[in-house]
Amino acid sequence: MESQLARIEQSLNARYTLWVREALDELHHNFTITDPTISGHPIVFASPGFLKMSGFSREQVVGNNGRIFQGPKTNRKTVMEIREAIREERAVRVHLLNYRKDGTPFWMLFQMSPVFSKEDGGVVHFIGVQVPIRRNKKLTDDGADAACNEIAFGSCRREVCPDSLVELTRVLALDTDTNCKGVKIEESCEASELEKQRAATAINDILSVLTHYSESTGRMVCEKRCSLPAAGLINSSLNISLGRIKQSFVLIDPHLPNMPVVYASDAFLKLTGYDRREVLGRDWNFLNGVDTDSSTLHQV
Ligand SMILES: Cc1cc2nc3c(=O)[nH]c(=O)nc-3n(C[C@H](O)[C@H](O)[C@H](O)COP(=O)(O)O)c2cc1C
C-alpha cells in the first residue's frame, strides 16, 4: 500500500509533468495546493513566497492541513465559510487571521479555488492564495518624510516603524492575548482593491500552470467543472469526512452495475496490501477466493 507520504508526492506527479514544481516555484505568489482525495486533506505544495511569509519550512507545511496556521484569534465564522466552500466545491474569498511560525498573527486575504479533472468532473486539487494585508503610509511626526508600514497585526492595527518591529514581534509572540492592550482592536480587516486584484491574478497564473502541465499527461485539469461528475465519484467533502475514520472499510455503490467500490479507507488498504487505484471501480467481492465461505457470502 502507498504510504501517506508517497500519496502526497504522487498527488502532483500523477497529474502533471515533472516540470510543474519548477514552474510553480517560479511564480511570485504566496500559495498552497491541497489534495482533498488524501486523508486529512493535506497541503501537497507550498510556494517559496508562502514559506517566507509564514516562516515555516516546506517539510513542516507539506502533509499538514491549512488549519495549522490558525490560532486563538482566528475568526471561527470565517473558517466555517471556507469549510462550506470546500463542501460545495466552489471558490471563496475571505479576510483571515493567521499565525506565523514564531507566533505573530497577521491578516491576509485568502482566496481559494477548486481544480477539476476534465476526465470525470471531480475535484483533484484546491488552490489557496494568501495575500498579506499591508498598507504603506507616510508619517511626518518627526518632520521627515519617513516611509513606515501600517501593518495589520493580529486583531489590532497600529502604525509602526521598521526599527520597533523586532521588539513588537517578540512581545506579540510571547503573549498573544495581551497584544491588544492600548491599541484599537479590529475585528476584521479589509483588503485594498490592489490586494484583491493580486489574489485574482495569482489564482489565474496558478491555474494556467496546472492546466498547461496537465496537457501532456493526458489527465487534463480545468478551472470550471467541464463534465458532470462521473457515476460513483465521491465528492471532496465526503472524501475528507471519510478520511477521518480510522477503521478498515470500503463503500460500494449499489446503484451501479456490479456494485463497484467507490471508496476504500487507508486502514483497508493497509490490511489488504492493495493500492487505492487497484481497488476503486472493482466489483465489491474481488477479495473472495477459493476458501471464502459461500454461505457467509450468501448472507452478505
Ligand atoms: C488550498 C487550501 C489552502 C488553505 N490554506 C489555509 C491557510 O493558509 N490558512 C488557514 O487558516 N486555512 C487554510 N485553509 C483552510 C483549512 O485547510 C480548512 O479547510 C479550514 O480550517 C476549514 O476546515 P476545518 O473546519 O475542518 O478546520 C486552506 C484550505 C485549502 C483548501
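When a ligand or atom number is given, it counts from 1 through the structure's own listing order.
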Take atom CG of Leu18 as the centre, draw a 6.0 Å sphere, and report whether it contains more than 12 heavy atoms from other residues, nucleotides or ligands. no
Same cluster (ILVMFWY, side-chain, under 4.5 Å), Met220 and Phe126: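 Unlinked, Met220 and Phe126 end up in two clusters.
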[atom]: the protein heavy-atom neighbour that sits closest, reported with distance to 0.1 Å:
| atom | answer |
| --- | --- |
| atom 10 (C) of ligand 1 | Gly66 O, 3.2 Å |
| atom 15 (C) of ligand 1 | Ile82 CG2, 3.8 Å |
| atom 28 (C) of ligand 1 | Phe110 CZ, 3.6 Å |
| atom 21 (O) of ligand 1 | Gln70 NE2, 2.9 Å |
| atom 3 (C) of ligand 1 | Thr32 OG1, 3.4 Å |
| atom 26 (O) of ligand 1 | Arg67 NH2, 3.0 Å |

Identify which one of Phe45, Phe110, Phe69 satisfies the ring pair (Phe, Tyr, Trp, His ring centres under 6.0 Å) criterion when paired with Phe50. Phe69
Please determine, by modelled atom types, if [X] and [Y] share a side-chain donor-acceptor pair under 3.5 angstrom.
| X | Y | value |
| --- | --- | --- |
| Ser57 | Gln60 | yes |
| Ser47 | His29 | no |
| Ser117 | Asp120 | yes |

Numbered atoms of ligand 1 (with element) below 4.0 Å of [X], judged on heavy atoms:
| X | answer |
| --- | --- |
| Ile127 | 1 (C) |
| Phe126 | 1 (C), 31 (C) |
| Asn98 | 7 (C), 8 (O), 9 (N), 10 (C), 11 (O) |
| Ile86 | 19 (O), 31 (C) |
| Val79 | 20 (C), 21 (O), 22 (C), 25 (O) |
| Asn65 | 16 (C), 17 (O), 18 (C) |
| His41 | 31 (C) |

Distance to the ring centre below 6.0 angstrom and angle to the axis at most 45 degrees; does that hold for Arg100 and Phe106? yes
Cation-pi, Tyr213 ring and Arg15 (6.0 angstrom, 45 degrees):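 No - Arg15 does not lie over the ring of Tyr213 by the 6.0 Å and 45° rule.
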Are any of the N/O atoms in Thr34 less than 3.5 Å from those in ligand 1?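 Between Thr34 and ligand 1 (N or O atoms, distance only) the closest approach is not under 3.5 Å.
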Got an N/O contact under 3.5 Å between Gln130 and ligand 1?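 In this structure, Gln130 places an N or O atom under 3.5 Å from an N or O of ligand 1.
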Report the member of Met80, Arg83, Arg76 with the shortest heavy-atom distance to atom 23 (O) of ligand 1.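 Minimum heavy-atom distance to atom 23 (O) of ligand 1 goes to Arg83.
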Residue portion contacting ligand 1 (non-hydrogen atoms closer than 4.0 Å) for Leu96: side chain
Give the contacting part of Ile43 toward ligand 1: side chain, backbone, both or neither, where contact means a heavy-atom distance below 4.0 Å.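 The answer is neither.
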Using a strict 4.0 Å threshold on nitrogen-to-oxygen distance, state whether Glu193 and Lys196 make a salt bridge.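 Between Lys196 and Glu193 there is a salt bridge, with a charged N closer than 4.0 Å to a carboxylate O.
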Nearest atoms (heavy-atom pairs only) where Glu195 meets Ile133: OE2-CA, 3.5 Å
How many angstroms lie between atom CD1 of Ile68 and atom NZ of Lys101, to the nearest 0.5 angstrom? 10.5 Å
